[in-house]
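Each remark here refers to the structure printed beneath this line.
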Amino acid sequence: MIKNIYLVRHGQTYYNIYNKLQGWSNSPLTEKGKQDAVQVAQRLKNTHFDAAFCSDLPRAIETCQTILDGNDADSVKSPTISPFFREEFYGVYEGTNMDQAWYMAGAPHGLKTFKEIVSQHSIGTAKDWLHDADPFHDAENNQKYWHRMDQGIELIKNVQVPDGANILWVSHGNTCLSLVERFGEGKYDITKRPDNGSLSKLVMTENDIKFEFYNRK
C-alpha cells in the first residue's frame, strides 16, 4: 500500500513576520499568508485527494480548507483535524522571539543559535534543551513530541484509501523540519524552516516513509 502525502506548511502569520515562536499559540494569517494558501491551492487544484489532515490550530485549518475549496479534482471537502498534528509546544517560550528562545536553550551548552544546535547536534536535541531551559518544563522534549506526532502519523497510515492515493497534510515549520530530519535521509537542510505555503512530498509504504521532494514554492 502506497500513500502519496503532499505536505504543506501553512501560510504566513503575524508571528512569522515578528520572528516569534508560535507553537500551540496562534496568530492570524497575514494577507500574504492567505495568498500563500491560494497559490498552493492553485498548484494542487488538479490533484485528487482521498483524504486530508491538519492540526487543530486555526492557521493550519484555514490553509488546508483554502486548498480543498480551490480543488477541481473531486477531492474530499474537509480535513480530519487533530491535536496530534500540532506544532511543537514551546512552553514558557510561546510567543518569544525565536533568537532569544534558542539562545536560552543553547547557551548552557556553549551554543547560541538554533542553527548551531542543529548543525552540531540535532533538532531533537534542540527540543530537549528548550524543555530543560523552560523553568516550568512544559516545552515538549523530543520524546514527548514524537509520542504525540506518531499518533498523528498512525492516523494517516490507517486511513482507508486506495493504493497510490494522494493525501493532503497541512503542517507547521518546525514539524516539517522534524519530519525531514527523521525521514529525509540527510538530503535536505534542516537548519532553516521551509517557506510558508511551500510544498513537499512524502511517499508512505507499510514499512517506510521517504521524501520525494522538499520545500518547493
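Everything numeric here is computed off the predicted structure, so don't read it as measured data.
- With contacts defined as side-chain heavy-atom distances shorter than 4.5 Å, the pair Trp129/His109 qualifies.
- Atom CD of Gln143 has 12 or fewer heavy atoms from other residues, nucleotides or ligands within 6.0 Å.
- The CD atom of Glu62 sits 5.5 Å away from the OG1 atom of Thr66 when rounded to the nearest 0.5 Å.
- Under the 4.5 Å side-chain criterion, counting only non-hydrogen atoms from C-beta, Phe53 is not in contact with Ile5.
- To the nearest 0.5 Å, the span separating OH on Tyr145 from OG1 on Thr175 amounts to 3.0 Å.
- At most 12 non-hydrogen atoms from other residues, nucleotides or ligands lie less than 6.0 angstrom from OH of Tyr103.
- Both Leu155 and Met204 belong to a single network of hydrophobic side chains, linked directly or stepwise wherever heavy atoms of I, L, V, M, F, W or Y lie under 4.5 Å apart.
- Contact annotation: the side chain of Leu199 approaches that of Phe213 to within less than 4.5 Å [non-hydrogen atoms, C-beta and beyond].
- Side-chain contact between Asp36 and Thr63: absent, with no pair of heavy atoms (C-beta onward) separated by less than 4.5 Å.
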Verdict with reasoning, Met1 to Lys3, per side-chain contact (heavy atoms from CB on, under 4.5 Å): CA-CA 7 Å; Met1 170 69 76; Lys3 294 183 175 78; 3.8 Å; yes

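- A pairwise comparison of heavy atoms in Ala52 and Leu68 identifies CB-CD1, 4.0 Å as the closest pair.
- At a threshold of 4.5 Å between non-hydrogen side-chain atoms, the residues Trp146 and Ile153 count as touching.
- Between Asn16 and Arg193, every side-chain heavy-atom pair lies at or beyond the 4.5 Å cut-off.
- Side-chain contact, Asp50 with His48: a donor N or O sits under 3.5 Å from an acceptor N or O.
- Contact record, Gly23 with Leu57: O-CD1, 3.4 Å, taken as the closest heavy-atom pair.
- Cation-pi check for Arg59 over Tyr15 is not met; the charged atom does not lie both under 6.0 angstrom from the ring centroid and within 45 degrees of its normal.
- Cluster annotation: Leu168 is not connected to Ile156 through the hydrophobic network of ILVMFWY side chains, with a link wherever side-chain heavy atoms come within less than 4.5 Å.
- At distances below 3.5 Å, at least one donor-acceptor pair connects side-chain atoms of Gln151 with backbone N or O atoms of His147.
- Looking at Gln65, its side chain does come within 3.5 Å of a backbone N or O of Lys77 through a donor-acceptor pair.
- How far CD1 of Ile190 is from CD1 of Ile123: 4.5 Å, rounded to the nearest 0.5 Å.
- In this structure, Asp163 contributes its side chain and Ile2 its backbone to a donor-acceptor pair below 3.5 Å.
- Follow the hydrophobic side-chain contacts under 4.5 Å out from Val180 and you never reach Tyr6; the two are in separate clusters.
- No more than 12 heavy atoms of other residues, nucleotides or ligands shown are found within 6.0 angstrom of NZ on Lys115.
- With hydrogens and angles ignored, the 3.5 Å screen pairs no side-chain donor or acceptor of Asn4 with any backbone N or O of Val203.
- Listed for the Asn174 side chain is no donor-acceptor partner under 3.5 Å among the backbone atoms of Glu87.
- A distance-only check finds no donor-acceptor pair linking the side chain of Glu181 to the backbone of Leu177 [under 3.5 Å].
- Annotation for Val170 and Ala60: closest pair CG1-O, 3.6 Å, computed over non-hydrogen atoms.
- How far CG of Leu130 is from CG of Asp138: 11.0 Å, rounded to the nearest 0.5 Å.
- Panel note: side chain Asp134, backbone Val92; a donor-acceptor pair is recorded below 3.5 Å.
- In terms of heavy-atom proximity, Thr30 sits nearest to Tyr14 at CG2-N, 3.7 Å.
- Although no hydrogens or angles enter the test, the distance criterion places no donor-acceptor pair under 3.5 Å between the side chain of Ser198 and the main chain of Lys217.
- Of the possible polar contacts, none joining the Arg9 side chain to the His172 backbone as a donor-acceptor pair under 3.5 Å is found.
- Hydrophobic clustering places Val159 together with Ile209 (ILVMFWY residues linked when any side-chain heavy atoms are closer than 4.5 Å, directly or through intermediates).
- Under a cut-off of 6.0 angstrom, the local environment of NZ in Lys201 is crowded, with over 12 non-hydrogen atoms contributed by other residues, nucleotides or ligands.
- For Trp24 against Glu140, the heavy-atom pair with the smallest separation is CZ2-OE2, 4.0 Å.
- Asp56 and Arg86 are joined by a salt bridge, as a carboxylate oxygen and a charged side-chain nitrogen come within less than 4.0 angstrom of each other.
- Between Glu88 and Ser178, the side chains place no donor N or O within less than 3.5 Å of an acceptor N or O (distance only, hydrogens not considered).
- Under a hydrophobic-cluster definition in which Ile, Leu, Val, Met, Phe, Trp and Tyr are linked whenever side-chain heavy atoms come within less than 4.5 Å, directly or via other members, Met149 and Phe183 are assigned to the same cluster.
- Side-chain contact between Asn196 and His10: present, with at least one pair of heavy atoms (C-beta onward) separated by less than 4.5 Å.
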Residue pair Thr113, Asp99: steps toward the side-chain contact (heavy atoms from CB on, under 4.5 Å) verdict: CA-CA 7 Å; Thr113 66; Asp99 297 334; over 6 Å; no

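- Here the CG-OG distance, from Asp128 to Ser122, works out to 7.5 Å after rounding to the nearest 0.5 Å.
- The closest side-chain heavy-atom distance from Phe211 to Lys187 is not below 4.5 Å.
- Side chain to side chain, Thr13 and Ser27 meet the donor-acceptor criterion of an N or O pair below 3.5 Å.
- Aromatic ring pairs are classed by plane angle as parallel below 30°, tilted from 30° to 60° and perpendicular above 60°; the pair His137 and His131 is tilted.
- Here the straight-line distance linking atom CD of Gln12 with atom CG of Asp195 works out to 10.5 Å at 0.5 Å rounding.
- Donor-acceptor pairing under 3.5 Å is recorded for the side chains of Asp189 and Thr191.
- Note: Trp169 and Phe85 have perpendicular aromatic rings, judged against thresholds of 30 and 60 degrees for the angle between ring planes.
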Derivation and outcome, side-chain contact (heavy atoms from CB on, under 4.5 Å), residues Gln42 and Gln39: CA-CA 5 Å; Gln42 284 292 310; Gln39 287 170 8; 5.7 Å; no

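- Closest of all the heavy-atom pairs between Ala126 and Trp102 is O-CZ3, 3.4 Å.
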Evaluation steps, side-chain contact (heavy atoms from CB on, under 4.5 Å), between Met104 and Tyr93: CA-CA 10 Å; Met104 295 296 291; Tyr93 295 107; 3.6 Å; yes

